[in-house]
There are 2 protein chains.
Amino acid sequence: MRAGSAAKRLLVGRPLDSGRLGETLLPKRVALPIFCSDPLSSVAYATEEILLILALGGLAVLHLAWYAAVGIVILLLVVVASYRQTCYAYPGGGGAYVVSAENLGQTAALTAASALLIDYVMTVAVSVVSGVAAITSAVPSLDGHAVAMSVFFVAVLAWLNLRGVRESGRWFAVPTYAFIAVIYLMFAVAAVRMATGATIRAESADLPVEAVSTYSGIALVLLALRAFASGCTALTGVEAVSNGVPAFAKPKSRNAAMTLAIMGGLSVTMFFGITVLAMVYEVHVAEDPTELGLAPGTPTSTALAQIGRATFGDWHILFYALQAVTAGVLILAANTAFNGFPMLASVLGRDRYAPRQLFHRGDRLVYSNGIVLLALAAIVLIVAFDAQLTRLIQLYILGVFVSFTLSQAGMVKHWRRELATPAGAADRHNIHRRLAINAFGACLTAVVLVIVLITKFTHGAWIVVIAMPVLFAGMKGVRRHYDAVSAEVAVAPGQRPHALAENHVLVLVASVNAPSLRALSYAKTLHPASLTAVTVAEDPAEAEVLRATWEAHGIDVPLRVLSSPYRSIVQPVLRHVREAPERTGDAVISVVIPEYVVGHWWEQPLHNQSALRLKTRLLFMKNVVVIDVPYRLASARELAAERARAADAARAAEAAKAAGDAKRPGDGT
Amino acid sequence: MRAGSAAKRLLVGRPLDSGRLGETLLPKRVALPIFCSDPLSSVAYATEEILLILALGGLAVLHLAWYAAVGIVILLLVVVASYRQTCYAYPGGGGAYVVSAENLGQTAALTAASALLIDYVMTVAVSVVSGVAAITSAVPSLDGHAVAMSVFFVAVLAWLNLRGVRESGRWFAVPTYAFIAVIYLMFAVAAVRMATGATIRAESADLPVEAVSTYSGIALVLLALRAFASGCTALTGVEAVSNGVPAFAKPKSRNAAMTLAIMGGLSVTMFFGITVLAMVYEVHVAEDPTELGLAPGTPTSTALAQIGRATFGDWHILFYALQAVTAGVLILAANTAFNGFPMLASVLGRDRYAPRQLFHRGDRLVYSNGIVLLALAAIVLIVAFDAQLTRLIQLYILGVFVSFTLSQAGMVKHWRRELATPAGAADRHNIHRRLAINAFGACLTAVVLVIVLITKFTHGAWIVVIAMPVLFAGMKGVRRHYDAVSAEVAVAPGQRPHALAENHVLVLVASVNAPSLRALSYAKTLHPASLTAVTVAEDPAEAEVLRATWEAHGIDVPLRVLSSPYRSIVQPVLRHVREAPERTGDAVISVVIPEYVVGHWWEQPLHNQSALRLKTRLLFMKNVVVIDVPYRLASARELAAERARAADAARAAEAAKAAGDAKRPGDGT
């Protein structure tokens with residue numbers, strides 16, 4: 001990928017100096033869409049998920065949706081209240097991982113981390129897929145391309161996020177606010193029309209809802225609880241705000257808590273409003289159209305789409321606007337995860353529970369690796385589940401409530417410690433209040449966790465139940481590996497390098513040309529104990545030709561020809577080195593490989609393939625060192641020159657920009 | 001991919017000595033299924049494709065299928081006759097590329113090559129997809145997983161072929177012969193039943209065929225020609241036999257020609273038989289079920305499935321057998337391409353029109369790279385076209401007839417040259433006959449090519465019309481690149497290497513540990529003009545810690561700390577080297593990178609990420625050399641030991657096997 005970074009520069013723009021990190025702080029109006037598009041958008045399908053489950057019980061049990069909805073509203077308010085406390089307690093970012101780590105220890109923290117990682121991936125998959133569903137239900141001709149479209153949108157999101165959080169903030173504000181506006185407009189229209197005596201009914205109101213089986217007693221309770229659990233999708237993503245406190249403009253904690261409150265208010269009203277309309281309009285939905293007495297494969301609209309069509313009636317333009325903004329906000333909801341996941345990944349990287357490069361910041365002040373990783377995981381999931389929302393949603397929620405419970409429990413521990421410290425004594429009353437809120441939140445979310453586990457286990461949640469320990473073990477394993485390595489490479493105090501006894505140099509040559517001569521020249525400057533040229537010949541004739549040229553040029557380096565019975569360049573060289581007698585205790589064999597350096601990515605596969613494979617194998621051998629002597633072809637020299645110019649230009653630009661920023665310190669906050 | 005080759009060994013078995021290549025020669029009975037499963041299996045859909053096109057014209061025009069079928073039979077006989085000549089003329093393998101290259105020059109050859117490459121990919125895609133269609137039409141519940149299943153089968157085929165041609169021969173014989181047997185059995189049953197007075201009709205016989213539009217005059221002729229063109233799928237893959245002559249057992253040419261004749265006989269009878277039954281049973285098919293007066297989305301069976309069901313009536317077991325073997329042979333038909341494509345790719349690699357590594361044989365005496373490339377291309381195509389046969393098939397055929405025409409034309413040139421030589425004078429009559437056959441073949445295929453182009457262009461063939469020149473240009477470009485490079489690296493006679501003036505060494509260190517010390521030790525053995533240790537610090541504190549340890553250890557190498565404003569390890573080092581004054585005319589800077597070598601693939605991403613990116617960038621700089629000093633961690637040392645043992649074992653096994661073969665020389669032929 002020689003040209004990769006040039007392309008990267010083009011795509012994600014010039015790097016930012018970390019001194020200018022402050023510039024990317026977010027005002028509330030920008031933070032809301034970035035961190036809350038997930039919980040806000042989930043109202044688009046939460047109601048439907050409740051009705052879908054209850055539909056299994058037939059018309060008779062649909063009224064249970066009221067109870068489920070009320071339960072979810074209460075839960076939402078409690079969770080928001082709890083997380084507001086976290087924002088104040090952890091201005092540095094209080095994700096479930098951090099809170100659990102500080103208060104409940106590493107095991108709890110890693111459990112929370114695995115739960116969160118899974119749910120970030122699920123958020124991307126579920127949001128994008130349901131967004132695409134909104135599109136296809138408005139434009140049926142696109143049906144059947146769901147997978148391709150979903151993958152495309154995930155890729156676009158990844159790309160936007162690689163460009164940096166601030167830009168994305170701008171991009172994402174519009175659809176989120178548009179969604180909120182259209183939903184409330186819909187409520188207003190519905191209210192006015194009904195007030196003026198109109199009776200609005202959904203297109204599906206007259207369809208029968210045939211019970212799959214009759215539920216009563218425990219079964220009925222379980223069904224109701226399962227409906228409730230499915231509706232809890234409305235709560236996903238609350239985590240993101242408390243996690244992202246440091247990204248908020250000052251006063252960080254206050255702004256974050258405020259944003260949470262606003263989000264809570266919006267979610268509750270929109271979710272409840274939609275549910276009310278769904279019940280009043282008698283929206284009937286079912287996973288399988290036959291349950292509604294329709295022919296198999298008959299396309300059915302989403303609950304929200306039905307409500308919209310019923311409400312706006314002949315004002316088709318408004319209906320399409322609704323579908324458009326719904327699709328938009330749902331796809332962007334995935335962005336919440338694109339902000340949360342990389343942050344968490346980098347924290348895990350810092351604590352060495354994940355590869356270090358996740359901790360290392362990319363050029364553009366975002367955790368590029370985490371973003372790419374998340375996008376890939378989501379794409380795999382979407383393809384594997386064939387972009388079917390109903391199947392994906394079963395894997396959702398579980399992780400959310402694991403992290404909810406852990407982080408609330410952690411907060412309880414936190415406040416109790418506060419109480420112990422005299423500092424805390426100042427406003428014990430205040431702390432007691434916070435403690436109470438978090439304690440209640442912890443209990444409630446714990447109960448819901450159990451409900452989700454029981455009601456969704458057989459419907460797919462078991463996958464998560466397996467995946468979480470796997471992730472957990474994986475992270476433990478990574479940490480163990482890093483610890484083992486650093487122990488292994490540790491040196492006794494005062495130990496210092498010493499020159500090795502002998503350095504025997506082998507130069508690989510294919511023919512007598514500039515790169516080979518260059519490599520030989522370099523080898524001579526190493527003052528080696530011995531210097532040999534090595535070549536691999538598939539047939540003797542080839543070997544003879546080379547030997548002849550070698551002598552014609554009068555090259556004063558002995559040429560060793562290796563025959564290749566397996567038609568492989570790599571094996572003979574490996575065998576030769578493996579069996580070399582020089583590779584003794586304190587001596588070393590340096591293998592010099594002349595490498596063709598080309599300037600265009602498409603030239604890359606045309607060269608050095610064997611050399612690459614050879615290198616990776618040689619590095620395994622005791623007392624072997626690999627030396628790349630590059631021979632830069634014309635195209636590479638051009639690219640190098642370009643890069644040098646680009647580097648200078650960038651530096652100049654940075655300087656100019658920095659000067660500019662000095663004049664406008666308030667910029668961007 | 002340190003563990004890659006271990007896995008590879010496990011998957012594709014131990015390498016073969018090229019001396020034992022003879023062992024993989026194929027007897028006719030094995031060659032037939034390997035090289036002919038494509039043309040044989042295409043009879044499974046050729047008839048249906050004819051009917052599908054004619055259905056557009058409604059019931060009235062279905063009888064035109066007779067003319068199309070007869071035309072195709074004649075064409076098939078002519079093409080087979082033509083290619084038999086090629087087998088005799090080119091015992092070394094007479095693919096369209098070779099024949100065109102020798103007789104019509106490079107432009108024609110590359111045109112043929114691009115046509116062939118495209119059609120090999122198409123063969124894999126079309127065959128596998130239609131095979132999967134046969135499965136889903138027998139097991140409707142699998143419907144909707146077509147893409148996943150197709151991709152899976154392509155992957156399996158690639159894997160089998162990586163194991164080597166001979167094994168695959170064995171694997172592929174059974175279904176091919178089973179298919180032939182079941183088809184003829186079906187004919188027999190049909191004959192007997194009808195002879196005994198039964199009137200057999202297809203399930204769709206009573207369905208109306210509603211004309212999409214009424215065709216008459218030119219339009220009708222074009223429709224008939226388009227039907228004919230679609231039916232020509234029956235001819236695909238004839239190429240493979242003449243291409244694979246060297247893989248046949250001696251007498252190669254004769255066996256190949258014979259195999260072609262047998263294939264021709266089987267194809268003609270099976271194709272015509274199926275068409276007859278389709279007409280007699282009045283099988284009605286249409287791309288869109290509504291044309292048959294059915295509800296949209298109604299699942300319809302393939303023509304062959306309908307014939308089978310009608311013929312075997314209540315003997316359901318036989319019907320399912322038919323579907324099973326059809327699916328089997330269709331999926332294996334793709335194997336024809338897996339044999340042809342890599343051979344062609346390697347010839348192109350040899351002539352430097354494709355990357356060299358395609359020429360280079362893999363461990364297992366098959367062109368691994370070509371196989372992998374083909375599989376990937378086919379998968380992309382299958383996913384892109386959503387595994388829809390009717391859309392894929394439009395891209396088919398065109399390339400086939402381009403290569404047919406070119407190779408026949410080339411043969412004409414060939415025979416005329418033969419006539420010119422006195423050697424040929426011996427049996428001029430014979431040569432005249434061959435010349436006539438090829439001349440007729442060339443004309444006929446040329447005419448068909450025009451028909452295909454006209455009738456299919458707007459239906460997707462235009463994609464191929466664009467793709468072929470692109471491939472052509474690509475291959476030209478590769479050749480130009482290789483020529484340019486070899487010109488660029490050529491050296492004047494008598495030129496020889498000379499020691500460079502100075503070698504300044506930089507050692508990258510992150511902390512004072514064994515790998516760093518090892519790297520420093522090695523650096524000292526290079527007798528450098530200057531030796532400096534370089535480190536990158538994200539913050540001053542970090543730097544101070546390192547400097548302190550450095551002094552505590554009393555390391556006698558100056559330590560240079562680079563600050564990292566962009567939180568990147570790579571950029572500061574690049575800048576430092578770029579601005580180093582030592583990089584003058586004849587001096588060189590050697591950058592020593594301590595590399596962690598780990599034994600497990602999953603440990604790989606945990607290390608060296610920055611080092612890798614750094615290396616690829618440094619190689620671009622003038623007078624810079626990169627030195628990898630590996631530090632092998634415990635896991636790597638184990639793996640290395642394993643490999644050494646494995647290598648010894650393999651060598652021993654080879655020796656033993658060789659001895660065994662000496663005893664049974666006839667083995668495998």
Side-chain angles (χ1 to χ4, degrees), chain A residues 2 15 17-18 297 355 357 361 363 478 481 485 488-491 493-500 503 512-515 517 520-522 524-527 552-555 565-568 578 588 595 597 603 605-606 609 616 619-621 625-630 632-634 636 639-640 644, chain B residues 2 15 17-18 297 355 357 361 363 478 481 485 488-491 493-500 503 512-515 517 520-522 524-527 552-555 565-568 578 588 595 597 603 605-606 609 616 619-621 625-630 632-634 636 639-640 644:
Chain A
R2 299 294 162 83
D17 187 322
S18 54
Q357 64 263 35
R361 282 194 162 187
D363 278 345
V478 170
H481 172 79
V485 168
E488 195 176 341
V489 299
V491 290
Q495 196 171 327
R496 61 188 64 175
H498 67 291
L500 301 174
N503 181 13
V512 178
N513 56 22
L517 292 183
L520 288 164
S521 302
Y522 178 78
K524 285 166 169 284
T525 63
L526 302 181
H527 312 291
H553 280 259
I555 298 171
Y566 300 156
R567 316 229 171 152
S568 153
R578 188 183 293 119
V588 62
E595 188 163 320
V597 181
E603 294 172 328
L606 302 178
Q609 296 307 314
T616 55
L619 290 177
F620 274 91
M621 293 188 186
V625 168
V626 178
I627 302 180
D628 279 308
V629 178
R632 293 150 62 240
L633 296 166
L639 179 58
Chain B
R2 298 293 161 85
D17 186 323
S18 54
Q357 62 263 39
R361 283 193 160 189
D363 278 345
V478 169
H481 172 77
V485 168
E488 196 177 341
V489 300
V491 290
Q495 197 171 326
R496 61 189 62 175
H498 67 290
L500 302 173
N503 181 13
V512 178
N513 56 23
L517 292 183
L520 288 165
S521 302
Y522 178 79
K524 285 165 169 285
T525 62
L526 303 180
H527 312 290
H553 281 260
I555 299 171
Y566 300 158
R567 315 232 173 149
S568 155
R578 187 182 292 119
V588 62
E595 187 162 321
V597 182
E603 294 173 328
L606 302 178
Q609 296 307 315
T616 55
L619 291 176
F620 274 91
M621 294 188 185
V625 168
V626 177
I627 302 180
D628 278 308
V629 178
R632 294 149 62 242
L633 296 166
L639 180 58

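Worth saying up front: this structure is predicted, and the values here are computed from it rather than measured. Reminder, nothing fancy here: chain letters follow the sequence lines and each chain counts from 1.
In this structure, B/A640 and A/F620 approach most closely via the heavy-atom pair CB-O, 3.5 Å.
Note: A/N513 leads A/V629, A/L520, A/N513, A/V588 in heavy-atom pairs under 4.5 Å with chain B. Of the residues considered (A/V512, A/N503, A/I555), A/N503 shows the highest number of contacts with chain B, using heavy-atom pairs under 4.5 Å. The most heavy-atom pairs under 4.5 Å with chain A, out of B/R496, B/K524, B/R632, come from B/R632. When each of A/A490, A/A552, A/A636 is checked for heavy-atom pairs under 4.5 Å with chain B, A/A636 comes out on top.
Here the side chains of B/E595 and A/V626 are not in contact, with every heavy-atom distance at 4.5 Å or above. Here the side chains of A/L633 and B/V489 are in contact, with some heavy-atom distance below 4.5 Å.
The distance from atom CG of B/L526 to atom NE2 of A/H527, rounded to the nearest 0.5 Å, is 9.0 Å. Within the model, atoms CG of B/D628 and CG of A/D628 stand 6.5 Å from one another, a figure rounded to the nearest 0.5 Å.
Under the 3.5 Å distance criterion, the side-chain polar atoms of A/S521 are left unmatched by any main-chain donor or acceptor of B/P497.
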